[in-house]
Number of protein chains: 2
Amino acid sequence: MSSAPTTLPNNNAAATAGGATPSPTFSPLYQQIKALITRSLQSGEWRPGELIPSEVELANRFKVSQGTVRKAIDELSAENLVVRRQGKGTFVATHHEARAQFRFLRLKPDVGEPLYPDNTIIDAKRLRAPADIARQLDIKTGDSVVFLKRMQSFDNAPTILEELWLPGTIFKGLSVERVLQYKGPMYALLETEFGTQMIRAVENIKAVVADQVTADLLQLPLNTPLLSVTRVSFTYGDKPVEVRRSYYVTNNHHYRNDLN
Amino acid sequence: MSSAPTTLPNNNAAATAGGATPSPTFSPLYQQIKALITRSLQSGEWRPGELIPSEVELANRFKVSQGTVRKAIDELSAENLVVRRQGKGTFVATHHEARAQFRFLRLKPDVGEPLYPDNTIIDAKRLRAPADIARQLDIKTGDSVVFLKRMQSFDNAPTILEELWLPGTIFKGLSVERVLQYKGPMYALLETEFGTQMIRAVENIKAVVADQVTADLLQLPLNTPLLSVTRVSFTYGDKPVEVRRSYYVTNNHHYRNDLN
DNA sequence: TAGTGGTCTAGACCACGCT
DNA sequence: GCGTGGTCTAGACCACTAG
């Protein structure tokens, strides 16, 4: 009573050039497709903001059904690597958008709508990575890093004071002058100038009190309580590409987090 | 060249008893199925920890394909209302598990693995809801609430001091004695005793310094910086059922958050 | 009107957990 | 061996966008 198989047996081909050995670790087809699409995103075959090929087109290219491509893109969409728009297509995510502006910023005003920050660069230079920064950036102590110190104000109230470290090798052409003149969101700059996309980040939060220097810059009394937020941002392949140490003033703002 | 339709036209039947009027707001079938399953969860037809009917069984019950049920359960699983286990079935989520223990707790030790807290109840009583609490619980000022104050210690170090407010009408039979003798996780108690499942929560975080009372209880110097975490927890239907105001000591711990 | 993502179906086989 | 969730396919129709 056996019926003729209408589907192919499970294999690991998926239209790759170099035939991969049939690994014992099983991986679903849609995961392989997802990896292939991710590689194209990473390589810049489709740039941020651009339209990627339609699902049918990708299905043809990879010799799989549309449903399999769909499931792959579903996950990429859930991870914010791409954005679906019904009737139009699927687009590569970009930090050059109003909505993306606040993607990683959890600090919200206690009352009213979020405002756009005014950025002021306090310091910008190249230096050798301290041990702790190097460890978090997965580089060697003493390697070149770009260092930035800046202030973000909302409605003319100094609210965020932060220091950023970026690996010098990745952002080789990032000049101090370029940073000083730039006013927009940092991740948009890194995206267009270096093709480095921030995909996800991890934040560690502690409570501290302001020392004299910090208090002066934030125009607060000494010992004012502040949120200390240390962020590590990652690009494709879970590669860390930014360490950011921020102080958040929470007198009129709060850090908001949704738990599911 | 028209082919015979193999699928039903879009309707809003979905095996409901009282025939709903075909509303102008279109809702996909799987969303309707999801709502039906959610209702069964809420009503207690399947209790926390229990196995729910298999996908095929639900498909038969609702007169839809397995794929549609699957997509509904996919979303419920993503929202942590149910847990899938391949080869075994789909289970109703419960707070009576080691993994669920830390589901809403973002405070992690700086080094080492998370430990289970020792809970000490400092105060437990019924009182009339203050205005701000009432507003957050969506009840009237002066309505009865259960008030709890407790301390959580990790490795004998006082780390979390918190106050909880629960609506008196929902947790009517919750006696002070019951709370004082109970040692396990709060949400597990509320789940088994009152059938109230905590589904999601929102946290607002600020930095503060310890006043004398707080400092004494936490065995810290006056003015030690602390995280002030205000949480509102919700059950089915986005109904708020808990307000929790906590102070986190971040000398050896940090609040961890993943950004996507 | 054509093209895209979104929904829905029916059926097959695979991986897993238990008996 | 059987039942469960997990993967994959092929094909149809619906909802939305734009030329």
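The chains referred to below are lettered A, B, ... by the order of the sequence lines, with proteins before strands, and numbering in each begins at 1. All values below were derived from every heavy atom in this structure, side-chain atoms included, with hydrogens, water molecules and symmetry-related copies excluded.
Between A:E203 and B:R256, no side-chain nitrogen of the basic residue sits less than 4.0 Å from a carboxylate oxygen of the acidic one, so the salt-bridge criterion is not met. Ion pair A:K183/A:D118 not flagged as a salt bridge, since none of the NZ, NE, NH1 or NH2 atoms sits closer than 4.0 Å to an Asp/Glu carboxylate oxygen. Salt bridge A:E45/A:R61: present, at least one basic N to carboxylate O contact under 4.0 Å. Salt bridge annotation for A:K34-A:E79: present, with a cationic side-chain nitrogen under 4.0 angstrom from a carboxylate oxygen.
Between A:K88 and the phosphate of C:dG3, there is no side-chain N or O to OP1/OP2 separation shorter than 4.0 Å. Dashed line: the shortest gap from a side-chain N or O of B:T68 to OP1 or OP2 of C:dT7 is not under 4.0 Å. Between A:R85 and D:dC16 there is no side-chain polar atom (N or O) within less than 4.0 angstrom of OP1 or OP2.
Atoms CG (B:L58) and P (C:dT9) sit 14 Å apart, rounded to a whole Å. Distance B:N60 CG to D:dG3 P: 14 Å, rounded to the nearest Å. The interatomic distance linking A:K63 (NZ) with D:dC8 (C1') rounds to 17 Å, in whole Å. Per the geometry, CD1 belonging to B:I52 stands 19 Å off P belonging to D:dG3, to the nearest Å. The separation between A:R84 atom CZ and D:dC16 atom C1' is 14 Å, rounded to whole Å. Separating the CD1 atom of B:I33 from the P atom of C:dG6 is a distance of 20 Å, rounded to the nearest angstrom. Rounded to whole Å, the distance from CG on B:L29 to P on C:dA10 is 11 Å. Atom CD in B:E55 sits about 16 Å away from atom P in C:dC8, given to the nearest Å.
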Dot-bracket summary - DNA chain D, pairs being Watson-Crick or G-U whose distances fall under 3.5 Å, with | when paired to another strand: ||||||||||||||||||.
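The side chain of B:S54 sits closest to D:dT4 out of D:dT4, C:dT9, D:dT9. Of the candidates C:dG5, C:dT7, D:dG5, C:dT7 carries the atom nearest the B:P28 side chain, counting heavy atoms from C-beta on. Of the candidates C:dC8, D:dG5, C:dG6, the closest approach to any side-chain atom of B:Y30 belongs to C:dC8. Looking at the side chain of B:Q86, the nearest of the listed nucleotides C:dC18, D:dA10, D:dG6 is D:dG6. With D:dC8, C:dT4, C:dA10 as the candidates, the nucleotide lying closest to the side chain of A:V56 is C:dT4.
Across the interface with DNA chain D, nearest-nucleotide mapping of A:Q66 and A:Q31 shows A:Q31 to be the residue nearer the 5′ end.
B:Q152 and B:T159 form no side-chain donor-acceptor contact under 3.5 Å, judged by distance and modelled atom types alone. B:S233 and B:Y187 are linked by a side-chain donor-acceptor pair at a separation below 3.5 angstrom, with hydrogens and angles left out of the test.
Interface residues of residues 40-47 of chain B facing DNA chain D, ordered by number: none; criterion, heavy-atom separation under 4.0 Å. Annotation: proximity of residues 70-83 of chain B to DNA chain C (heavy atom, distance under 4.0 Å) is found for B:K71, numbered in ascending order.
No side-chain heavy atom of A:H254 sits less than 4.5 Å from a side-chain heavy atom of A:Y248. A:I170 is listed as a side-chain neighbour of A:T196, based on a closest heavy-atom distance under 4.5 Å.
The aromatic rings of A:Y255 and B:Y255 sit perpendicular to each other, their planes meeting at more than 60°, with 30° as the lower class boundary.
With sequence neighbours left out, B:R84 forms a salt bridge (charged side-chain N to carboxylate O under 4.0 Å, His left out) with B:E55, B:D74. Scored by the salt bridge (charged side-chain N to carboxylate O under 4.0 Å, His left out) test, B:D155 finds no partners at all (sequence neighbours excluded). With sequence neighbours left out, B:Y30 forms a side chain to side chain donor-acceptor pair (under 3.5 Å) with no residue at all.
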